[in-house]
Amino acid sequence: MPYIIGTDEAGYGPNLGPLVIAATVWEVPEGVAAEDLYTRLKRTIARKPDRAGRRVAVADSKRLYQSGGGLGLLEHGVLSALSLLGCRPTTWCGMWDALDGDSAAARQSVPWYGEYDAAVPVDLPVETLGSGDLADGLASSGVRLAAIRCRAVFPQEFNDAVDRLGSKGEALSRWTLSLAASLAATCAGPVSIVCDKHGGRNRYGGLLADHFSDWLADEPALARPGGMSRDLFGEPLIAPCIESRECSLYRFGPDGRTVEIGFRARAESCLPAALASMTAKYLRELAMRAFNDYWCRRIPGLCPTAGYPGDARRFYDAVAPHLAELSIPAAAVWRLK
């Protein structure tokens with residue numbers, strides 16, 4: 001059966017806290033596109049909160065959460081989805097291990113994560129959680145949620161990558177494609193990937209060739225040493241179907257294992273990317289709860305921050321004098337771009 005992967009991020013703009021990239025993987029019947037899933041699953045999934053409470057809201061995280069508001073809607077969607085995978089984390093650490101276990105070492109390296117744990121869900125009553133109707137709805141539609149995975153990038157790694165690559169847009173594209181490629185490698189059939197546009201970029205062919213080289217091994221073109229982005233005549237190995245401000249679309253790979261990847265404006269209008277948006281935002285908000293808890297307990301009168309420009313400077317100016325005594329470099333806290 002074919003697969004659909006949706007990706008999105010949270011925390012691209014802030015100066016404090018991690019950038020979190022998330023991806024969801026769906027197994028779908030032949031001929032079903034990412035745009036079709038809301039209609040196909042309309043009995044169990046809604047684009048906005050369902051007052052009757054019978055359907056799970058899955059939408060762009062910006063529609064379900066505002067800074068300072070409750071996490072309940074995000075938690076309902078993310079935890080319901082995780083339960084479809086047999087995963088029911090009940091703590092902050094358990095949630096991180098479920099979604100991004102590879103980040104454990106990075107989290108342990110700073111005290112606000114290494115010393116923190118709390119119960120989850122935060123704002124959603126545990127008794128309201130249940131995936132029975134959702135599981136039945138997906139099964140009756142021939143759709144299966146196969147995986148949810150995150151990639152958290154903490155400030156030190158973020159700063160190092162931006163310095164090395166020259167822009168945070170380039171870094172975001174590379175982290176996103178690395179995550180998407182690793183998940184696509186687990187899929188047994190053709191894969192369609194939906195990504196949001198990354199900044200002002202319209203051309204992704206070279207990046208795709210670098211991250212999806214396994215799919216190009218059988219292509220009848222000569223790869224240049226050290227990379228797979230050009231053939232013998234200097235042409236891209238992954239030629240675009242379209243490259244525009246609204247959408248950049250590419251198809252490549254051998255028969256039976258083809259990849260179609262589209263970078264779209266407002267990709268969150270597709271369900272797989274919307275659930276990725278919610279997951280990324282939820283995990284970032286959990287990170288900010290730990291960050292704020294640590295510093296607000298140590299600095300009397302300090303108000304929490306969401307980490308975005310303007311307010312982030314106020315918060316950083318308050319914590320900066322304490323970094324030296326903790327042997328924590330400024331670059332591990334403050335993101336330069």
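The chain is numbered in sequence order, starting from 1.
- Note on D97 versus R107: salt bridge recorded, some NZ/NE/NH1/NH2 to OD/OE distance being below 4.0 Å.
- Y65 does not carry K281 over the face of its six-membered ring by the limits of under 6.0 Å from the centre and within 45° of the normal.
- In this structure, the side-chain contact (heavy atoms from CB on, under 4.5 Å) partners of A171, at least two apart in sequence or on a different chain, are A161, L165, W175.
- The neighbour count for R63 CZ, taken as heavy atoms of other residues, nucleotides or ligands under 6.0 Å away, does not exceed 12.
- Heavy-atom contacts from other residues, nucleotides or ligands closer than 6.0 Å to CZ of R54 number 12 or fewer.
- Not a single donor-acceptor pair under 3.5 Å links the side chain of D100 to the backbone N or O of W96.
- Side-chain contact between W26 and V143 is present, with at least one heavy-atom pair separated by less than 4.5 Å.
- Partners of R55 according to the side-chain contact (heavy atoms from CB on, under 4.5 Å) rule, which considers only residues two or more places apart in sequence or in another chain, are A46, D50.
- Y294 and E115 share no side-chain donor-acceptor pair at under 3.5 Å.
- Judged as a side-chain contact (heavy atoms from CB on, under 4.5 Å), and not counting sequence neighbours, the contacts of R251 are C241, L249, E260.
- Nearest heavy atom pair, residue C195 against residue I261, reads SG-CD1, 4.2 Å.
- Remark: the Y113 side chain and the Q108 side chain contain no N/O donor-acceptor pair separated by less than 3.5 Å.
- In this structure, the side chain of S277 does not engage the main chain of E268 through any donor-acceptor pair within 3.5 Å.
- Between F263 and L208 there is a side-chain heavy-atom pair separated by less than 4.5 Å.
- In this structure, the salt bridge (Lys or Arg N to Asp or Glu O under 4.0 Å) partners of D317, at least two apart in sequence or on a different chain, are R313.
- With sequence neighbours excluded, the residues forming a side-chain contact (heavy atoms from CB on, under 4.5 Å) with D160 are Q156, listed by chain and number.
- Ring-centre distance between F291 and F154: not below the 6.0 Å cut-off.
- Judged as a ring pair (Phe, Tyr, Trp, His ring centres under 6.0 Å), and not counting sequence neighbours, the contacts of Y116 are W92.
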Decide yes or no on salt bridge (Lys or Arg N to Asp or Glu O under 4.0 Å) for R151 and E157, but give the supporting numbers first. CA-CA 12 Å; R151 167 70 159 94; E157 182 184 5; 2.6 Å; yes

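- Within the structure, side-chain hydrogen bond (donor to acceptor under 3.5 Å, both in side chains) pairs that include any residue of residues 187-209 comprise E170-R201, S173-H198, K197-N202, K197-S248 (at least two apart or interchain).
- Scanning for ring pair (Phe, Tyr, Trp, His ring centres under 6.0 Å) contacts around Y38 gives an empty result, with sequence neighbours left out.
- Environment of CD in E325: crowded, with over 12 heavy atoms of neighbouring residues, nucleotides or ligands closer than 6.0 Å.
- Around the CZ atom of R43, the shell of radius 6.0 Å holds no more than 12 heavy atoms that belong to other residues, nucleotides or ligands.
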Distance-only check: which donor-acceptor pairs under 3.5 Å involve side-chain atoms of residues 13-20, not counting sequence neighbours?
{"from": "N15", "atom 1": "ND2", "to": "R335", "atom 2": "O", "distance (Å)": "3.1"}

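- The salt bridge (charged side-chain N to carboxylate O under 4.0 Å, His left out) pairs that include a residue from residues 10-23 number zero, where partners must be two or more places apart or lie in different chains.
- Using a distance-only test at 3.5 Å, with no hydrogens or angles considered, no donor-acceptor pair links the side chain of H76 to the main chain of G72.
- Around CZ of R266, the count of heavy atoms belonging to other residues, nucleotides or ligands within 6.0 Å does not exceed 12.
- Y308 shares a hydrophobic cluster with no other residue; no ILVMFWY side chain has heavy atoms under 4.5 Å from its own.
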Show, in sequence, the C-alpha distance, side-chain angles and deciding distance for I5 and V191, and conclude whether the side-chain contact (heavy atoms from CB on, under 4.5 Å) test is met. CA-CA 7 Å; I5 297 175; V191 180; 3.8 Å; yes

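- The closest side-chain heavy-atom distance from L283 to M95 is below 4.5 Å.
- For T305 and D311, the side-chain atoms include at least one donor-acceptor pair closer than 3.5 Å.
- Ring centroid separation for the pair F252 and W215 does not come in under the 6.0 Å cut-off.
- Partners of Y250 according to the ring pair (Phe, Tyr, Trp, His ring centres under 6.0 Å) rule, which considers only residues two or more places apart in sequence or in another chain, do not exist here.
- Judged by distance alone, with hydrogens and angles left aside, the side-chain atoms of S103 form no donor-acceptor pair with the main-chain N or O of A106 at under 3.5 Å.
- Between Y3 and V28, the closest side-chain pair of non-hydrogen atoms is not below 4.5 Å.
- Salt-bridge formation is not detected for the pair R284/E9: no Lys NZ or Arg NE/NH1/NH2 atom is positioned less than 4.0 Å from an Asp or Glu carboxylate oxygen.
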